[in-house]
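Inspection log for the structure reproduced underneath, given as structure tokens.
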Amino acid sequence: MAKNFCTRAENYSQWYNDIVKKADLAENSSVRGCMVIKPYGYAIWEKMQRQLDQMFKDTGHSNAYFPIFIPKSFFSREASHVEGFAKECAVVTHYRLKNDPNGGGVVVDPDAKLEEELIVRPTSETIIWDTYKNWIQSYRDLPILCNQWANVVRWEMRTRLFLRTAEFLWQEGHTAHATREEALEETDKMIHVYADFAEKHMAIPVVMGVKSPNERFGGAIDTYCIEALMQDGKALQAGTSHFLGQNFAKAFDVKFLNQQNEQEYVWATSWGVSTRLIGALIMTHSDDNGLVLPPVLAPIQVVIVPIYKSDEQRQQIADKADTLVQKLKALGISVKFDNDDTKRSGWKFNEYELKGVPVRVAIGPKDLENNEAEVARRDTMEKYNVSFDALVEHIQKLLEEIQQNLYNKALKFREEHTYKADTWDEFVDLLDNKPGFVYAHWDGTPETEEKIKDLCKATIRCIPFNNPKEEGKCILTGKPSHERVLFARAY
RNA sequence: CGGGGUGUGGCGCAGUUGGUAGCGCGCUACGUUCGGGACGUAGAGGCCGGAAGUUCGAGUCUUCUCACCCCGACCA
């Protein structure tokens with residue numbers, strides 16, 4: 001079947017890379033650490049964007065755009081924020097090139113040094129709070145609910161397509177509120193939007209929770225997150241929502257006059273998801289035959305492949321296919337009729353399987369005779385015949401069924417790979433031999449979390465919301481603990 | 001920044017004791033095919049990562065350099 005294709009069992013990361021390349025999602029560019037997102041991969045991102053954007057609008061947010069460059073001085077205003085990002089910032093120091101006097105092409109003009117260096121945004125809190133300062137005077141100016149779709153740069157040492165690249169695409173929401181309660185509510189609302197998106201659209205079950213101090217965003221009071229479990233048993237952070245308190249308001253002196261005519265610092269949140277979600281999508285659903293896409297996000301939901309010998313047959317099938325295309329399109333289903341004569345049907349079957357198209361319809365001479373078509377679903381690889389009269393309705397239902405099946409499968413996988421550990425040996429044994437989510441007691445100190453990470457590479461992914469209280473002893477130190485937290489090795 | 005590796009047609013690779021570059025895939029044309037990646041025939045395509053050196057002669061040997069990949073420390 002699939003040729004030159006690494007299986008998950010053989011080498012998981014090779015399998016991942018193969019999928020990204022062979023499904024034509026993205027490739028490495030000649031710029032170190034940066035990827036080219038190819039049309040098919042970008043189409044998935046566009047579908048995600050469209051959906052998320054609608055969800056942001058529905059919750060009262062508006063899009064805006066802020067500069068890609070941030071003056072260095074802005075960056076140093078919030079101490080833990082700088083600390084979080086300083087090590088991975090790209091910096092612009094000059095604004096002009098000139099011809100190399102030695103004839104070696106162009107060189108940076110040393111006379112064109114910037115007065116103040118500019119940071120290429122790794123995230124936009126600082127430039128946005130510098131801007132919000134001018135937008136806010138009174139409680140009547142609040143809340144501000146902005147989102148921006150943008151690229152950001154984090155100079156990573158080691159990169160992997162979609163999962164970690166030097167430049168990536170994301171959205172970042174930045175909101176300003178009059179009260180602590182309102183900002184907290186916003187933080188909570190947005191992590192729920194992300195969880196909803198992950199589960200309903202990406203068909204990925206997630207655990208929602210709060211980050212431990214070690215894993216918290218630089219400059220945040222609290223970071224909420226959604227965590228997903230990949231097929232190799234590693235966790236992947238799929239989205240974050242931060243309660244920033246008044247940290248940035250204080251750093252940028254953003255105050256408003258409340259109804260009692262008193263000056264108060266503004267309360268803030270920020271939240272984001274990135275193209276990394278495409279990595280999550282791949283590693284949650286795909287199999288050894290290639291990409292598997294949930295119908296809701298698939299650029300092509302249905303592909304129709306004709307099988308023919310003569311031109312006459314080809315024409316007859318095309319007529320049949322065209323009416324099918326019209327009917328499916330009328331239902332809002334994205335369908336492709338691949339009538340390319342330079343590729344054979346077998347080649348197309350493999351190609352669309354590799355690309356994760358949820359439903360394939362094959363129509364050949366025999367089918368014409370019997371007034372039916374062969375339907376193949378990508379998630380289960382099942383094939384069967386359906387009469388033409390029932391086809392449209394069948395496909396519509398099938399797409400919904402596949403979406404649901406993928407979610408159920410992923411949920412089942414997560415449940416089967418979620419464990420409890422009560423002793424250190426048990427904990428390490430699980431991580432090494434049955435990788436997945438491990439619920440274990442922790443004494444609540446950053447030092448212990450750090451030590452656990454050093455010892456076995458596992459980190460606290462989150463402390464789930466509504467976490468059941470349970471008395472126990474810390475897995476490492478034996479100190480008392482009143483709840484289990486979620487551990488895993490993570491991407 | 002440590003430790004390991006690789007640079008040769010678009011991609012994946014071979015190239016012996018130094019003798020002037022080959023294979024598979026892909027690509028082009030034509031023909032035969034067409035219900036799970038077809039086959040035949042004929043083609044196109046390469047200053048062998050770069051620089052210097054040894055030599056009558058370097059893909060091959062020496063030195064230097066550059067780039068990329070893998071494993072660590074950092075991270076969404």
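Labels below follow one simple rule: chain letters A, B, ... track the order of the sequence lines, proteins then strands, and each chain is numbered from 1. What you see is a predicted model, and the numbers here were worked out from it, not measured in a lab.
- If you check B:G72, B:G37, B:G35 against the side chain of A:Lys457, the one that comes closest is B:G72.
- For the pair A:Lys453 NZ and B:G72 P, the interatomic distance rounds to 14 Å; values are reported in whole Å.
- Partners of A:Lys211 according to the salt bridge (Lys or Arg N to Asp or Glu O under 4.0 Å) rule, which considers only residues two or more places apart in sequence or in another chain, are A:Glu227.
- Separation of the A:Tyr224 and A:Phe465 ring centroids falls under the 6.0 Å cut-off.
- Non-hydrogen atoms lying under 4.0 Å from RNA chain B are contributed by A:Arg154, A:Glu156, all within residues 147-156 of chain A.
- At whole-Å resolution of the value, CD in A:Glu88 and P in B:C74 are 12 Å apart.
- A side-chain N or O of A:Arg377 and one of A:Thr380 form a donor-acceptor pair less than 3.5 Å apart.
- In this structure, A:Thr126 and A:His81 have side chains that are in contact, with non-hydrogen atoms separated by less than 4.5 Å.
- Counting heavy atoms from C-beta on, the side chains of A:Phe162 and A:Met283 never come closer than 4.5 Å.
- Among the protein residues, A:Leu163 comes within range of the nucleic acid bases, having at least one heavy atom under 4.0 Å from a base atom.
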What pairs of nitrogen or oxygen atoms, one from the protein and one from nucleotides 1-8 of chain B, lie under 3.5 Å apart?
none

*Canonical and wobble pairing (Watson-Crick, G-U, under 3.5 Å) of RNA chain B, dot-bracket with |*: (((((((..((((.....[..)))).((((((.....)))))).....(((((..]....))))))))))))....
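- Using a 4.5 Å heavy-atom threshold, the side chains of A:Leu486 and A:Ile460 count as separate.
- Annotation: A:His61 is in aromatic contact with A:Trp271 [ring centroid separation under 6.0 Å].
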Check the interface with nucleotides 28-34 of chain B: list each N/O to N/O pair with the protein under 3.5 Å, or write none.
from: B:C34; atom 1: O4'; to: A:Arg344; atom 2: NH2; distance (Å): 3.0
from: B:C34; atom 1: O2'; to: A:Tyr308; atom 2: O; distance (Å): 3.0

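- No engagement by A:Thr459 is indicated, since no non-hydrogen atom pair under 4.0 Å with the nucleic acid exists.
- Contact annotation for A:Phe168: base contact, defined as any heavy-atom pair under 4.0 Å involving a base atom.
- No engagement by A:Arg314 is indicated, since no non-hydrogen atom pair under 4.0 Å with the nucleic acid exists.
- For A:Glu449, the salt bridge (Lys or Arg N to Asp or Glu O under 4.0 Å) criterion is met by no residue, not counting sequence neighbours.
- Not less than 6.0 angstrom separates the ring centroid of A:Phe197 from the ring centroid of A:Phe56.
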